[in-house]
Amino acid sequence: MSEIILNGRKVKVRKGEFLLAVARREGIEIPTLCQHDAVEPAGACRLCLVEVTRPEWEGWSKLVTSCLFPAEDGLIVSTDSAPVHKTRKGILELLMARSPNAVPVRELARQYGIEQCPYPVQHDGDNCILCDICTRVCQNLVTGAISRIDRGVGKRVATPFAEPSTDCVGCLACAKSCPTAAIPYEDEGLRRTIWGKTFEVASCAGCGAPTVTAEQAAWIEQSKGVSREDQLVCDRCKAQKTAAAYQKLAW
Amino acid sequence: MVSKLMHVTPSKCTVCRNCELACAFSHMHGGKPTAARIRAFADDQQREGHHAVVVCMQCEEAGCVKACPAHALWRNPETGAIYHVEARCIRCQSCVAGCPFGNMRWEAAMEFPTKCDLCDGDPVCVKFCPTGALEHR
Amino acid sequence: MKLTLANIDGYRQELVTQRKELQSIMVCCGTGCRARNGLGVAEAMGEALEAAGLGDEVKVELTSTGCHGWCEQGPIVTIEPDGVFYTNVKPEHAGEIVAGFQSGHPVQKLLYRDLTTRERKVTYHEVPFYSHQTRWAMRNVGRISPTEIDHYIARDGYKALAKVLAGMSPAEVVDEVAKAGLRGRGGGGFDAGRKWRSAARASGSPKYIICNGDEGDPGAFMDRSIMEADPHGVLEGMIIGAYAIGATQGYIYVRQEYPLAVKHLEQAMADAREMGLLGEQILGSDFSFEIKIARGGGAFVCGESSALMRSIEGKVGEPRAKYVHAADKGLFDRPTVLNNVETFICVPLILDKGAEHFAATGTAGSKGTKAFSVVGKVNCNGLIEVPMGTTLRELIFDVAGGVPKGRTFKAVQTGGPSGGCLPESQLDLAVDFDTLADAGSMMGSGGLIVMDDRNCLVDVARYFVKFLVDESCGKCVPCREGLKQMLAILSRITQGEGRTEDLVAIDKLCDVLKDGSLCALGKSAANPVLSTLKYFRSEYEEHIRDGFCRAGVCGKLCSYHINEKCTGCAVCAKVCPVTCISGEKKELHVIDQGPCIQCGSCFDACRFDAIEIRSAP
């Protein structure tokens with residue numbers, strides 16, 4: 001067990017644990033926009049910056065992203081010092097200029113006292129803040145149908161060549177894990193459209209309710225070993241079947 | 001370690017639906033019984049002793065856990081319950097598809113899956129079951 | 001033939017004896033000289049030699065070299081061992097060169113003419129551009145054929161490797177590199193010995209060694225020159241490095257734009273493999289090591305080590321936080337050492353001549369020599385390698401021949417887009433990793449862009465920011481969004497729409513970039529702006545307050561006028577691309593401000609100082 005000083009308080013940490021996790025466990029709030037527990041940290045939004053120093057650094061300190069910085073014995077961390085606050089505010093101003101309609105951005109900007117963005121605001125700006133949660137989710141957890149393409153200000157999230165992807169299984173995980181709801185999709189009845197590809201959602205064998213897409217069911221069967229038959233029945237009908245089995249057992 | 005499990009005795013169930021209500025209220029679905037994580041099914045012919053209650057059995061080799069690509073379903077070693085960890089969930093519904101017993105539910109309004117977590121080891125539904133059809137032992 | 005630790009020295013001795021009697025006519029076929037028909041010259045030389053029928057008594061070899069680092073004088077032909085140095089050779093000169101070779105009287109008109117004395121210099125040892133240099137990293141550049149392994153071996157090639165494998169432990173090799181004080185030549189200046197030591201101690205296998213040849217700084221081409229001209233030197237450095245840290249696989253990451261470097265490296269690897277210098281059981285020892293070439297896709301950011309590793313892994317070339325060092329978790333999350341081309345090529349030298357020899361040259365904190373790519377407003381554009389601690393003034397004025405056309409030196413940009421612009425007052429700075437950083441710039445990979453009074457520093461800052469906007473990977477917010485806003489502000493200033501509060505906004509953006517960015521590219525992206533603001537603030541203020549660009553670059557902030565010094569020679573009228581200058585012969589000419597596009601061609605062409613730059617009407 002190691003020990004760090006977090007905002008003036010001694011805190012026990014496991015070696016290698018990331019500072020963000022330590023802070024959250026201690027009830028200290030650190031803003032993030034690109035952090036998602038299901039995927040590895042990326043350090044893209046830079047909002048989780050904290051100031052770290054050590055006694056032997058003789059007063060020198062640096063700003064590091066807490067989502068990626070491993071806790072190590074003797075580290076002195078401040079999560080809301082003046083330089084931290086100033087840099088976070090500077091980053092939020094830049095995000096406000098890009099995505100003024102993104103709810104979490106506006107909320108954080110308000111918290112950090114940004115009344116007016118110092119840069120020209122793109123009022124019709126893209127809600128996508130390139131946090132890369134969707135791409136990390138898709139690439140690391142699902143089928144890797146989307147990726148970050150191009151670079152710099154032109155960077156965006158897309159399928160290869162921005163064409164309907166053969167890899168996409170229509171699970172909507174990208175859109176639903178997006179913190180700013182920036183990925184458009186349609187999901188009506190048995191039709192689902194995302195990334196330019198339209199899927200048919202399999203209807204429940206029992207009642208006809210939508211379940212998952214045939215593509216997703218095939219992927220789950222293949223990669224997770226869960227039979228497709230079970231998947232294409234809705235939860236209520238499955239429960240009813242379970243009930244019927246109980247009733248039979250009881251008799 | 002063998003944890004306590006939910007036991008259902010169909011012959012004792014009267015389909016009073018107290019369990020559904022208790023679950024819905026304790027899990028903050030505004031008491032909407034259709035959102036409960038436990039379901040009571042009446043026998044087609046309304047025969048006494050033929051009703052049944054369906055609730056997550058916290059399977060040893062659980063379909064929901066197997067199907068989840070994000071490792072968002074974790075077993076609490078103390079209670080034996082499989083928890084849905086909200087911060088890890090990517091809302092792909094694979095778990096709903098993966099559970100063969102229909103005990104993983106999709107809460108459409110919240111775009112979230114829900115499941116029985118044994119109320120952290122002290123299931124409310126059991127307390128409200130008037131006939132002892134539900135037991136946690 | 002397979003070389004072993006037992007026979008390599010004998011083999012080399014044989015080669016040296018053979019080559020002693022040989023005269024070599026060497027035609028530069030580097031990328032620059034090829035662009036100027038170097039291959040045509042090589043072919044013509046072959047025909048001329050055949051036609052001359054030199055007979056058996058003269059032992060002559062016609063061969064090609066890699067880039068000499070002075071492409072503006074190319075195609076270059078040298079004759080070794082005397083070192084006769086011909087510049088600007090055309091195929092039709094081949095006959096004369098062969099005749100001169102036979103007679104012993106060099107062709108005068110093809111010899112380099114000294115800038116000040118106007119004398120012809122016969123050998124490159126006499127040419128100031130070369131005589132002022134200490135070529136260690138470039139020791140074989142232009143002196144050997146890059147495709148002939150024997151040329152390399154004859155010049156003590158693979159001698160260090162044999163020494164290492166015969167009698168040094170990996171730890172001893174690391175110690176020697178550490179003792180030499182070798183610092184990474186790619187930009188960071190990190191202690192190579194320390195890096196190697198951590199990788200050698202790190203647990204995890206396999207371990208990797210990577211050579212970074214993704215030279216991306218505008219105007220820099222020393223790594224290209226080295227890879228093209230001395231590929232075996234790079235390989236030898238890597239093989240020794242691999243032995244030192246226990247790596248079994250190496251990668252050379254070469255940028256897309258360097259096909260010739262790839263070709264030469266591939267040939268070198270094949271030859272080295274065939275002779276037992278690469279692959280299984282190198283030189284008959286127990287040590288095995290393989291190298292693969294990875295080609296970049298043309299992204300500047302892939303020169304950043306962590307992005308480069310992602311690129312080799314086949315992922316999007318984006319940097320990662322380096323809180324965990326590559327020496328512990330690098331390529332494929334395995335212990336990895338990544339060094340630059342120039343760093344690796346110093347390694348055989350250190351092990352051959354000893355750490356003390358290497359460390360005896362240079363400054364307290366930076367040992368050895370450094371290759372610079374000196375370009376811009378200097379008389380001699382090219383690669384200059386000098387000991388660390390050489391002043392900027394010596395580099396720019398003594399070696400590179402100073403600022404052309406009698407113009408005044410204004411600034412030198414060091415370290416590429418991540419570096420800074422230093423003014424006249426900093427010219428006596430003894431250049432090393434630390435002094436440049438202290439002055440607000442950086443060594444970077446060694447690019448030096450010299451600017452005179454016709455360069456607008458606000459525009460230069462805008463240029464570099466534009467470069468970085470285009471090349472930012474876009475992963476993190478400060479670099480992606482911050483540079484975009486910075487460019488908007490700088491563009492506004494150069495367009496004459498600057499506001500007084502803009503300088504405050506720039507300062508603030510620089511802070512966010514420096515403190516907030518993920519990788520070194522973003523963190524240092526503010527340098528061109530900060531350094532120009534520090535040393536040339538008055539120019540910014542002039543642009544904003546007075547609406548005037550004194551360099552005559554920002555078209556909306558200047559106008560060109562002809563004064564009474566005009567002799568009516570009409571040269572200006574001839575060069576004007578929009579023909580807006582008129583006047584009778586031998587009479588004062590006039591610029592019509594309407595169609596004038598402020599290109600400054602007239603200003604540069606006028607020999608009488610008759611063109612003036614004033615603020616816009």
Side-chain angles (χ1 to χ4, degrees), chain A residues 24 35-39 133-134 136-138 140-143 169-178 181 187 201-202 204 206 209-213 216-217 219-221 223-251, chain B residues 8-13 15 34 37-45 47 49-57 61-72 85-108 110-115 133:
Chain A
R24 290 199 168 157
Q35 196 272 346
H36 193 291
D37 278 0
V39 286
I133 288 176
C134 57
R136 277 178 284 154
V137 160
C138 189
N140 302 340
L141 307 177
V142 196
T143 57
V169 295
C171 71
L172 301 185
C174 54
K176 289 187 177 167
S177 51
C178 174
D187 191 21
V201 179
C204 170
T211 58
V212 289
T213 67
Q216 186 179 351
W219 173 74
I220 296 174
E221 182 175 69
S223 64
K224 312 288 176 195
V226 174
S227 105
R228 208 178 311 200
E229 252 167 71
D230 285 341
Q231 298 183 48
L232 301 180
V233 181
C234 78
D235 60 300
R236 191 171 173 86
C237 291
K238 281 194 275 194
Q240 197 139 31
K241 230 172 87 190
T242 311
Y246 283 171
Q247 286 157 349
K248 217 180 265 167
L249 276 179
W251 204 235
Chain B
V8 182
T9 314
S11 55
K12 292 188 187 169
C13 179
V15 215
T34 46
R37 300 156 187 206
I38 186 167
R39 283 169 168 138
F41 288 94
D43 178 51
D44 304 345
Q45 294 143 46
R47 292 172 295 175
H50 286 248
H51 310 301
V53 180
V54 178
V55 66
C56 175
M57 297 171 278
E61 266 197 55
C64 58
V65 176
K66 237 160 102 181
C68 176
H71 303 289
V85 185
E86 192 176 317
R88 288 190 73 97
C89 178
I90 59 169
R91 309 173 189 210
C92 65
Q93 300 192 45
S94 296
C95 52
V96 180
C99 173
F101 307 110
N103 286 323
M104 198 80 215
R105 309 201 43 193
W106 183 248
E107 188 50 54
M110 294 160 71
E111 299 208 308
F112 241 77
T114 55
K115 78 174 289 301

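So you know, we letter chains A, B, ... as the sequences are listed, proteins then strands, and number each from 1. In what follows, every heavy atom counts, from backbone to side chain, and hydrogens, waters and symmetry copies are set aside.
Proximity to chain A is absent for every atom of B:Ala72, based on heavy atoms less than 4.5 angstrom apart. Of the two parts of B:Val85, neither the backbone nor the side chain holds a non-hydrogen atom closer than 4.5 Å to a non-hydrogen atom of chain A. Only the side chain of B:Glu111 comes within contact range of chain A, judged by heavy atoms closer than 4.5 Å. Neither the backbone nor the side chain of B:Cys13 comes within contact range of chain A; no heavy atoms are under 4.5 Å apart. Only the backbone of B:Ala42 comes within contact range of chain A, with at least one heavy atom under 4.5 Å from a heavy atom of that chain. For a residue to count as touching a neighbouring chain, one of its non-hydrogen atoms must lie under 4.5 Å from one of that chain's; by this rule A:Gln240 touches chain B with backbone and side chain alike. The contact between B:Arg39 and chain A is made entirely by side chain atoms (from C-beta outward), counting heavy-atom distances below 4.5 Å.
Put simply, SG on B:Cys64 and NZ on A:Lys224 are 13.0 Å apart, with the number rounded to the nearest 0.5 Å. Taken to the nearest 0.5 Å, the CZ atom of B:Phe41 stands 4.5 Å off from the CZ atom of A:Arg236. Taking CD of B:Gln93 as the reference point, atom OG1 of A:Thr213 lies at 10.0 Å (rounded to 0.5 Å).
Counting only distance, with no hydrogens or angles, the side chain of A:Gln216 and the backbone of B:Cys92 share a donor-acceptor pair below 3.5 Å. Although no hydrogens or angles enter the test, the distance criterion places a donor-acceptor pair under 3.5 Å between the side chain of A:Lys238 and the main chain of B:Cys99. In this structure a side-chain-to-backbone donor-acceptor pair under 3.5 Å is missing from A:Ser177 to B:Ile90.
In terms of heavy-atom pairs under 4.5 angstrom with chain A, the leader among B:Cys68, B:Ala87, B:Ala70 is B:Ala87. Between chain B and the residues A:Val137, A:Thr211, A:Leu141, A:Val226, the largest count of heavy-atom pairs under 4.5 Å involves A:Leu141.
Residues A:Tyr246 and B:Pro10 share a closest heavy-atom pair of O-CG, 4.0 Å. The minimum heavy-atom distance between A:Asp230 and B:Pro100, with the atom names listed, is OD2-CB, 3.3 Å. When all heavy atoms are compared, the tightest approach of B:Ala67 to A:Ile220 is CB-CG2, 3.9 Å.
In B:Glu61, the CD atom is not crowded: 12 or fewer heavy atoms of neighbouring residues, nucleotides or ligands sit closer than 6.0 Å.
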Let me see the working for B:Trp106 and A:Asp235 under side chain to side chain contact (heavy atoms under 4.5 Å, CB included), right down to the final yes or no.
CA-CA 8 Å; B:Trp106 183 248; A:Asp235 60 300; 5.6 Å; no

